[in-house]
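Heads up: the structure comes next, in C-alpha cells.
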Number of protein chains: 2
Amino acid sequence: MARIRTINKGTRRELINDTAAALFRAKGFTASSMRELAEKMGVEAPSLYNHIGSKGEILHSICFKIAREFLHNMKQVMQMPANELTRIEAIIRFHLFMMLNHYDEVFVANHEWRQLEEPARSEFLSLRNQYEQQFSQIISQGIKAGEFKKVEPQIAVLVILSAVRGLEFLNLAKKHRNTPNLTTDITNHLLKGLIP
Amino acid sequence: MARIRTINKGTRRELINDTAAALFRAKGFTASSMRELAEKMGVEAPSLYNHIGSKGEILHSICFKIAREFLHNMKQVMQMPANELTRIEAIIRFHLFMMLNHYDEVFVANHEWRQLEEPARSEFLSLRNQYEQQFSQIISQGIKAGEFKKVEPQIAVLVILSAVRGLEFLNLAKKHRNTPNLTTDITNHLLKGLIP
DNA sequence: TGACAAAACTAACGGTTATTAGTTTTTATA
DNA sequence: TATAAAAACTAATAACCGTTAGTTTTGTCA
C-alpha cells in the first residue's frame with residue numbers, strides 16, 4: 001500500500017493525529033485507548049505503530065503544534081505597525097478563529113497538556129508562560145499609552161485567555177451560524193464589558 | 001476503630017472525597033488510581049471500599065455537590081431585591097469565592113464531569129444548562145431595564161462563565177495575596193471591559 | 001510481471017486497573 | 001472487661017492497557 005513516496009510522507013501519521021485529536025477531545029487522553037483510536041481508523045491497534053512511536057507522542061504532536069502556531073501569531077502581532085488595542089483585538093480574534101477551525105486540537109492542547117510526560121510538560125508550560133508574558137507586555141504598553149484602563153496586566157491576560165480558552169463552541173456555533181458576529185460579540189465583551 | 005457513631009457518620013467518606021478531589025485535580029480522574037488515592041490516605045486500596053461504592057461514585061459526589069451549591073446560590077441571587085447588575089456581580093463573586101476556597105472540587109467539577117457515566121453525565125449537563133439559562137434570564141432583564149448593553153445574552157453568559165471557570169488561581173493568588181482586590185479586578189474586567 | 005517497500009495482520013507480553021471475598025485488627029461502648 | 005461494629009488487612013480476580021515481534025497482504029514502479 002505504498003503511497004506517492006516522498007510527497008505524502010507523514011500524511012498517514014497526520015491522519016492518525018487528527019483522528020486522535022477528535023477522540024482525545026471527546027473522551028480525554030487517558031480515557032482513550034489505542035484500540036479505540038485504531039477502530040476509528042478502521043485498523044487494528046498494532047498497525048498504528050507503523051506510523052507513530054507511542055500514544056504519548058501523539059499528544060505531544062498535538063500540543064506543541066498548537067503552541068507553535070499561537071506563538072507564531074503572537075510574534076507577527078507584536079511586529080504589526082498598530083496600536084495596542086488593535087493588537088489585543090487581533091490576538092482574541094486569532095484565538096476564536098483557531099477555536100472555530102481547529103476545535104479538537106486546540107481543545108486538547110488546552111485541556112490535556114497535563115498528561116504530557118516530563119520534560120515535555122514543563123517545556124509546554126514554558127511556552128505558555130512565554131506567550132502570556134508577551135500578551136502582558138502588550139497590555140502594559142497599552143496602559144502607558146492611555147489606550148487601556150490602569151488594570152493589573154496579569155489579571156487582564158488571565159481573564160481574556162481564560163475566557164477564550166474555555167469556550168465550548170460546538171453548541172453555540174451551530175445555533176449562531178453567523179461566525180463574524182459571534183467573534184465580534186465576544187471580542188467586544190472582553191474589551192468593552194457589559195455596562196454601557 | 002469505631003467512631004462517635006451517629007455524629008461523625010460519613011466523615012470518613014468525606015475525607016476520601018476531599019483527598020480524591022485534590023488528586024483528581026492534579027492528575028485527572030482517569031489518570032488517578034485507587035491505589036494512589038489509598039496511599040494518600042495511608043491505607044491499602046481495598047480498604048477504601050468500606051466507605052465508598054466505587055471510584056466513579058467519588059467523582060459523582062464531587063460534581064453534584066458543587067452543582068447543587070452553585071444552583072443554590074443562583075436561586076438566592078434571583079430572589080434578592082436588587083437590580084440585575086448587582087445580581088451578576090454577586091454571581092461572579094460567588095464563582096471566585098468558590099474557586100479560591102474550594103479549588104480542587106470546583107476544578108474537578110468543571111474539568112472532569114465528562115468522565116461521569118451515563119445517565120449521571122446527562123443529568124449533570126442538565127443542571128449546568130439550567131444554571132446557564134437562569135444566568136441568561138438575568139442578563140435579558142438587565143438589557144430590558146437599560147442596565148446592560150444590547151448584547152446576545154447567551155454570549156455574555158458564555159464569556160463570563162468561561163472566564164471564571166477556567167481561571168487557574170494558585171499561581172496568581174499566591175503572588176497577589178490580596179484576595180478582595182483580585183476579585184474586584186476580575187469582576188470589573190468582565191463587567192466594564194478594558195477600554196476607558 | 002517481478003521486486004520492493006509500505007502498511008496491514010495475528011498472537012502474545014508484562015503490567016496495571018478497579019474491585020471481590022474473606023479475615024484480622026482496632027476501638028468505642030455497655 | 002466482654003461485645004459488637006467499624007475499618008483495616010491479604011490474596012486474588014478478570015479485564016484492559018500500551019506495546020513487541022514476526023508474518024502476510026497490498027500497492028507502486030522499474
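Since the model is a prediction, treat every value here as computed from it, not as a measurement. A, B, ... follow the sequence lines: proteins, then strands. Residue 1 opens every chain.
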Any chance the rings of B:His95 and B:Phe135 have centres within less than 6.0 Å?
no

Is the shortest side-chain N/O distance from B:His51 to OP1 or OP2 of D:dA6 below 4.0 Å?
no

CD/A:Gln141 to CD1/A:Ile88 distance, rounded to the nearest 0.5 angstrom?
9.5 Å

Please write out each protein N/O paired with an N/O of nucleotides 13-18 of chain C under 3.5 Å, distance rounded to 0.1 Å.
{"from": "C:dA18", "atom 1": "OP1", "to": "B:Ser32", "atom 2": "O", "distance (Å)": "3.3"}
{"from": "C:dA18", "atom 1": "OP1", "to": "B:Met34", "atom 2": "N", "distance (Å)": "3.3"}
{"from": "C:dA18", "atom 1": "OP1", "to": "B:Lys55", "atom 2": "NZ", "distance (Å)": "3.2"}
{"from": "C:dA18", "atom 1": "OP2", "to": "B:Met34", "atom 2": "N", "distance (Å)": "3.0"}
{"from": "C:dA18", "atom 1": "N7", "to": "B:Arg35", "atom 2": "NH1", "distance (Å)": "3.1"}
{"from": "C:dA18", "atom 1": "N6", "to": "B:Arg35", "atom 2": "NH2", "distance (Å)": "3.3"}

May I ask you to decide whether B:Arg68 forms a salt bridge with B:Glu123, counting only side-chain N to carboxylate O separations under 4.0 Å?
no

State plainly whether the residues A:Lys27 and A:Glu36 are in salt-bridge range, i.e. N to O under 4.0 Å.
yes

Quick one: is B:Ser47 getting a side-chain N or O under 4.0 Å of the D:dA7 phosphate, OP1 or OP2?
no

Check the side chains of A:Asn181 and A:Thr184 for a donor-acceptor pair under 3.5 angstrom, ignoring hydrogens and angles.
no

Provide, to the nearest angstrom, the distance between the CD atom belonging to A:Glu44 and the P atom belonging to D:dT24.
17 Å

When the distance from CG of B:Leu48 to C1' of D:dA6 is rounded to whole Å, what number comes out?
15 Å

Confirm from the modelled atom types if B:Asn50 and D:dA8 form a donor-acceptor pair under 3.5 Å, side chain to base only.
yes

Taking the six-membered ring of A:Phe29 as reference, does the NZ or CZ atom of A:Lys55 fall below 6.0 Å from its centre and within a 45° cone about the axis?
yes

Under 3.5 Å, is there a donor-acceptor pair linking the side chains of A:Asn50 and A:Ser47?
no

Double-helix bend of the helix from C:dT1-D:dA30 to C:dA30-D:dT1, axes at both ends from 5 pairs, round to 10°, gives 10°

Between B:Arg93 and B:Glu89, is the closest basic N to carboxylate O distance under 4.0 Å?
yes

Closest to side chain of B:Arg12, choosing from C:dA8, D:dA7, D:dT19:
D:dA7

Let me know the distance between CD of A:Glu117 and C1' of D:dG18, rounded to the nearest Å.
11 Å

Between A:Arg128 and B:Glu168, does any side-chain N to carboxylate O distance fall below 4.0 Å?
yes

note: A:Leu37, atom CG; D:dT19, atom C1'; distance rounded to Å ~ 14 Å

